[in-house]
Amino acid sequence: MTPELKAKIDNLLSENKVLVFMKGSKLMPQCGFSNNVVQILNTLGVPYETVDVLEDYEIRQGIKEYSNWPTIPQIYINGEFVGGSDIAIELYQSGELQQMVEVALAS
Amino acid sequence: MISPQEVETMIQSKLPEAKVQVAGDGQHFEAVIVSAEFEGKSRVKQHQLVYSALTEAMASDIIHAIALKTYTPQDWQSANRV
């Protein structure tokens, strides 16, 4: 990964406490797994931002390397990689996701 | 197309002592993996370990998506105790 791309991702993460790299947008997710994550965060009712990887090929490939995670969507909370759709569902069901988001937003 | 068996073999090449079960339609898969290697690791770390066995297949989109359920032998026992 180029230093420029790494800096671009670092910067996105430092500016957004809850950030989702996904296919499509909040309003029009283009993949069922991305949609799962959007629905969960909407249900929690917390502020979050999204990056549409379909609009940026560099980020689409780069984020996989950055996270050491081969699939989209990817959720970051407070700059830390939390997981993809499966882990988001598990963390949501156990109540941990809400807790993590609240801690991040309060910091 | 790739068979669930082949995916199992890939995962086992990385985690030889693991119990692995894979189901799928040739592109989308579900895998259950029980391994002592997962002990003391976060769920993200556990999944990263499994993905490391599948890097090429996923990068080339031979495997489009795989839902992972990872358990330590102990977690597996308690998850299946009713």
Side-chain angles (χ1 to χ4, degrees), chain A residues 1 13 18-24 29-40 53-54 57-101 103-104, chain B residues 2 4 6-11 13-15 18 20-35 37-72 74-76 78-80:
Chain A
M1 184 177 350
L13 293 176
V18 182
L19 187 63
V20 182
F21 294 87
M22 62 178 284
K23 292 182 179 172
Q30 300 291 320
C31 160
F33 300 101
S34 289
N35 185 46
N36 286 343
V37 170
V38 165
Q39 294 310 322
I40 285 174
V53 300
L54 298 179
Y57 184 79
E58 226 185 21
I59 285 203
R60 180 176 183 177
Q61 294 310 316
I63 194 63
K64 295 178 183 177
E65 201 184 315
Y66 188 96
S67 315
N68 191 20
W69 196 260
T71 53
I72 306 290
Q74 301 191 6
I75 306 175
Y76 275 82
I77 297 178
N78 246 357
E80 238 181 283
F81 177 60
V82 170
S85 160
D86 290 346
I87 291 180
I89 292 170
E90 284 183 47
L91 291 175
Y92 170 67
Q93 286 169 346
S94 70
E96 284 169 81
L97 190 64
Q98 176 136 28
Q99 216 177 345
M100 291 163 82
V101 170
V103 169
Chain B
I2 181 171
E6 287 172 275
V7 178
E8 268 180 36
T9 309
M10 284 180 192
I11 295 172
S13 70
K14 189 83 193 179
L15 296 162
V20 184
Q21 260 197 336
V22 180
D25 63 5
Q27 275 198 305
H28 302 80
F29 297 91
E30 281 178 25
V32 178
I33 303 120
V34 184
S35 168
E37 289 275 330
F38 296 149
E39 262 157 45
K41 293 192 171 76
S42 69
R43 204 172 284 115
V44 167
K45 290 263 187 298
Q46 294 175 358
H47 287 204
Q48 278 169 334
L49 195 58
V50 178
Y51 282 140
S52 71
L54 307 172
T55 310
E56 241 173 79
M58 299 206 68
S60 57
D61 221 22
I62 294 173
I63 298 175
H64 175 68
I66 181 160
L68 299 178
K69 295 247 183 229
T70 52
Y71 300 89
T72 64
Q74 211 177 354
D75 288 343
W76 179 248
S78 34
N80 287 281

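Note on naming: letters A, B, ... go to the chains in the order of the sequence lines (proteins, then strands), and numbering restarts at 1 for each one. Fair warning: this is a prediction, and the values are worked out from it, not measured in the lab.
For B/A59, no part lies near chain A; criterion is any non-hydrogen pair under 4.5 Å. Only the backbone of B/I66 comes within less than 4.5 Å of a heavy atom in chain A; its side chain stays farther off. With a 4.5 angstrom heavy-atom cutoff, A/S67 touches chain B only via backbone atoms.
Atom CD of A/Q39 has more than 12 heavy atoms from other residues, nucleotides or ligands within 6.0 Å. Summarising the local packing, CD of B/E30 is surrounded by 12 or fewer heavy atoms from other residues, nucleotides or ligands at distances under 6.0 Å. Heavy atoms of other residues, nucleotides or ligands lying less than 6.0 angstrom from CZ of A/F33 number 12 at most. Within a 6.0 Å radius of CD in B/E56, no more than 12 heavy atoms belonging to other residues, nucleotides or ligands are found. Dense packing is recorded around CD of B/E6, with more than 12 heavy atoms of other residues, nucleotides or ligands lying under 6.0 Å away. A 6.0 Å sphere centred on CD of A/Q61 holds more than 12 heavy atoms belonging to other residues, nucleotides or ligands.
Shortest non-hydrogen contact noted between A/T71 and B/Y51 is OG1-OH, 3.8 Å. Closest approach of B/M58 to A/P70, counting heavy atoms only: SD-CG, 3.6 Å.
Here the CG-NE2 distance, from A/N68 to B/H47, works out to 13.5 Å after rounding to the nearest 0.5 Å.
Remark: side-chain polar atoms of A/E90 are not paired, donor with acceptor, to backbone N or O of B/R43 under 3.5 angstrom.
Side-chain contact check for B/V44 versus A/I87: some heavy-atom pair is nearer than 4.5 Å.
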